[in-house]
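Reckoned from all heavy atoms, side chains included, excluding hydrogens, waters and symmetry mates. Chain letters run A, B, ... following the sequence lines, proteins first, then strands; residues in each count from 1.
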Amino acid sequence: MSAPTDPCAPLLARAEALLEDLSLHGVAAWKAAHGGAPAIGIMPVFAPRPLFEAIGVLPVNIYGGGDRVDVIKGDAYYQSYICHIPRSTIEMGLGGQLDALDGMVFPSTCDVIRNLSGMWRMLFPQKYSAYLDLPQTFEAPLGGLFYRHELSRIAAELVARGARPLDADRLREAIIVENRRRALLADLASLRAREPWRLKASEAYLLTRAGAVLPCAEHIELLEAFLAAAPERPVRAYDNVRVIVLGAFCEQPPIGLIRTLERSGCDLVDDDFQLGLCAIDGAIPLDEDVGDQSPLDTHDPLDALVLSYTLRGQATATRYIADGVKGEALVNRVRTLGAEGVILAAPSFCDPALLDQPMIEQALNDAGIPFTSFKYAENSAQFQTIREQAGAFSDSVKLWGAA
Amino acid sequence: MREHLTLGIDVGSAAVKAAVVRSRAGDDATVLGTSIQRIRRRELREVIEAAIAEATGGRIANEDFDYVATTGEADAVEFRTGHFYTITAHARGALHFDREAAGALDVGSLHARAIRLDPRGKVTGQRMTSQCASGSGQFLENIARYLGVPIEDVGELSRSARTPEMVSGICAVLAETDVINMVSRGISTADILKGIHLSIAGRLVQLVRAIGIEGRVVVTGGLATDTGLLTALQECAEGGGARKRPGKAVNVQFVTHPDGVLAGALGAALLGAYRHRQLEESGRLAMLMGGAEVGG
């Protein structure tokens, strides 16, 4: 008797092909199909995609070269104690793999990304390059207005380079579509937390990561198709430990690492691998009543975009907020999802992620939640040690309820 | 407490081991059947099926087990209930062989691991050989083949050595070169084998020392029944062994069991029973079994 076929397999294969398309052939095809409309790369962690879609620009999230780019030139630009993602991004830029892009936006993620933005300006003077200063003050009259100005500036600069003028109706439409996508991503997360054997973390990663290079509407089609087919998947539940993985920040773990964690007896019921996706909690509050946020108003789509960031930002490593808030948020997530432990997996030399870890560990210790931690690089190829560690951790939690 | 019928499957790099155990949550265990199937060039699924068929005597269906526990590279065992990591399974297996065990030394085909455990069998520390193959069973098997000695004769032949010749303990490639030189110099097979055993044992005792095990250490895995290695381990533990560079003594007694090679499979089966009771008590068993075969 032949094994039952997985109706989701073609969708996952497509998502994996998008992940592996480091030369952005799909983006080039989109541009060709849209009369040469611009495509702009966005470095982690966060920039609001609807702003770009509203002006006819394809936003492309750039996550470095992963484990498939041999970094030679990129190493010349950074000292040895700097994370890997800027090196591989430079390598890809110099190697022509990012030629399909008309420019890059560098959100204020950390000093390394800030330096990268400066290098980009010098290395590719003919391309658009912008630094997006995300506010760390979240009151509407201060950080809100500042952020609005930043978004308007970038839109205007792109319009000057051939994008469509920013129009309130088109932005409204883009936000509605984005909110639909966000709702589907929430459904995906919910399915994974409920039935992690039906949607593995590595599969969820591929599906969400596809949204880095696809227009929002196409990503929605992919997510809808998966969610519709998921109930028919031939799956099997295993006696695994429910674990949350945290700490990825902007440098992504290789997909092999995620699969290694799965193979070590863990159901990864939640993660923050693509931190920008969870930078905002819930929908963009278009036309919603969110209390007095003057001078901003959710009936203005640009204001709504701003308020989604200032009001609904999640307690992640990208935010400079009071001690204890992030730990408390994680403990609440653990409780809500019924997780039995936490794996803290941070990129080597990632200051923002690693600086948060002591507070996170303190919160987990105080709450009696078992955890283990390790570091990785996007080009890690050997996972044996991590498998040993994760396997020992999952067994300890499963059998003895402690790490 | 009711009895649990569990199956443990240990998929190693050279062999698949299976054990059928009846126990009360892992205690009062009776081993009903076992199997060791060399993989050689066979398809892995076929080997696993053969191991299960031999261990069960063909009388127990997969669905009749309360828990099917795997360890090792067990992705191919799709009907498993759960998976335990190698060191966890070997720790439990060691405790099954010797209730006083303070540690286990799993010497397999590709890796060796020293495991420190508490009286429950919980792993409290572990250390594994790193990249080199010279501490592994595969290396010893290769050397035995080069020397024309059946693997089952290696232990006793090694024990008959009078003046063992040390080989490189660092690198399998260098060690093999050492062996070729020894053969050309007319060194006896027994002395060569003893030298290899001492070389491996020296590395393994370092692992045991590194994680601070004291007391009885059960040797498990593919080399568990190699009497030559066991003798060499004890000699190294007592500070002897390596003739040129004697190591510091460690307070351990290496012991073994005729079924030591089955420690992973037995340990997995016993942990499966323990886990089954946990799941029953927590009310999660129904959910797990309810979702065991859905969709499609």
Side-chain angles (χ1 to χ4, degrees), chain A residues 1-9 191 194-200 202 226-242 259-267 338 340 370 372 382-403, chain B residues 25-26 66-75 77-92 110-111 113 115 117-118 120-128 130-131 267-268 270-272 274-279 282 284-296:
Chain A
M1 192 174 69
S2 62
T5 53
D6 179 0
C8 294
L191 170 65
R194 201 172 56 246
E195 296 179 84
W197 49 88
R198 190 171 299 284
L199 174 60
K200 292 181 190 168
S202 54
F226 183 90
L227 286 164
E232 302 307 317
R233 299 191 81 185
V235 293
R236 189 173 185 94
Y238 295 118
D239 178 21
N240 286 345
V241 173
R242 292 173 64 85
R259 288 175 176 147
T260 295
L261 294 178
E262 289 169 346
R263 291 177 66 209
S264 62
C266 298
D267 282 334
E340 296 160 276
T372 189
Q382 292 293 329
F383 308 123
Q384 184 62 27
T385 311
I386 288 172
R387 193 171 176 202
E388 303 265 330
Q389 188 177 342
F393 175 72
S394 70
D395 281 354
S396 275
V397 171
K398 192 170 10 180
L399 293 165
W400 319 112
Chain B
D66 289 310
Y67 198 108
V68 176
T70 56
T71 188
E73 299 295 324
D75 288 356
V77 188
E78 284 161 358
F79 61 91
R80 67 187 181 274
T81 316
H83 181 82
F84 297 101
Y85 186 54
T86 307
I87 58 169
T88 317
H90 277 261
R92 184 62 187 88
L110 290 185
H111 303 289
R113 299 174 177 85
I115 305 158
L117 48 122
D118 74 5
R120 295 174 299 168
K122 184 187 177 192
V123 175
T124 57
Q126 67 109 4
R127 190 66 68 92
M128 183 174 158
S130 50
Q131 55 272 58
L270 294 167
L271 289 170
Y274 178 78
R275 181 66 182 156
H276 188 272
R277 187 186 63 176
Q278 279 186 327
L279 290 168
S282 67
R284 288 178 61 187
L285 187 65
M287 185 205 76
L288 185 68
M289 294 305 173
E293 196 82 66
V294 285

A.B. asks: Going by salt bridge (charged side-chain N to carboxylate O under 4.0 Å, His left out), name the pairs with one or both residues in residues 77-91 of chain B, residues two or more places apart or in two chains.
C.D. replies: B:Arg45-B:Glu78
A.B. asks: Give a yes/no verdict on a cation-pi contact between A:Lys398 and B:Phe84, requiring under 6.0 Å between NZ or CZ and the six-membered ring centre and an angle within 45° of the axis.
C.D. replies: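 That pair qualifies as a cation-pi contact.
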A.B. asks: Taking the basic N atoms (NZ, or NE/NH1/NH2) and the acidic carboxylate oxygens, is any pair closer than 4.0 Å for B:Arg127 and A:Glu388?
C.D. replies: no
A.B. asks: If every non-hydrogen atom of A:Ser396 is compared with every non-hydrogen atom of B:Lys122, which pair is closest and at what distance?
C.D. replies: OG-CE, 4.0 Å
A.B. asks: Give me the atom names and distance for the closest heavy-atom approach of B:Arg284 to A:Asn240.
C.D. replies: NH2-O, 3.9 Å
A.B. asks: Is it true that a side-chain atom of A:Asp395 and a backbone atom of B:Tyr85 form a donor plus acceptor pair closer than 3.5 Å?
C.D. replies: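 Yes, the answer is positive, given that a donor and an acceptor are paired below the 3.5 Å cut-off.
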A.B. asks: CH2/A:Trp400 to OG1/B:Thr88 distance, rounded to the nearest 0.5 angstrom?
C.D. replies: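 Separation between the atoms: 9.0 Å.
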A.B. asks: Need one label for B:Arg120: side chain, backbone, both or neither, based on atoms under 4.5 Å from any heavy atom in chain A.
C.D. replies: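 The answer is both parts of B:Arg120.
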A.B. asks: Atom CD in A:Glu262, atom CG in B:Asp75: separation rounded to 0.5 Å?
C.D. replies: 10.5 Å
A.B. asks: If you look at every heavy atom in B:Ile87 and A:Ala392, which pair is closest and at what distance?
C.D. replies: CD1-CB, 4.1 Å
A.B. asks: Got a sec, which residues hit side-chain hydrogen bond (donor to acceptor under 3.5 Å, both in side chains) with B:Thr70, two or more places apart in sequence or on another chain?
C.D. replies: B:His83
A.B. asks: Passes side chain to side chain contact (heavy atoms under 4.5 Å, CB included), A:Leu399 versus B:Leu271? Steps please.
C.D. replies: CA-CA 8 Å; A:Leu399 293 165; B:Leu271 289 170; 3.8 Å; yes
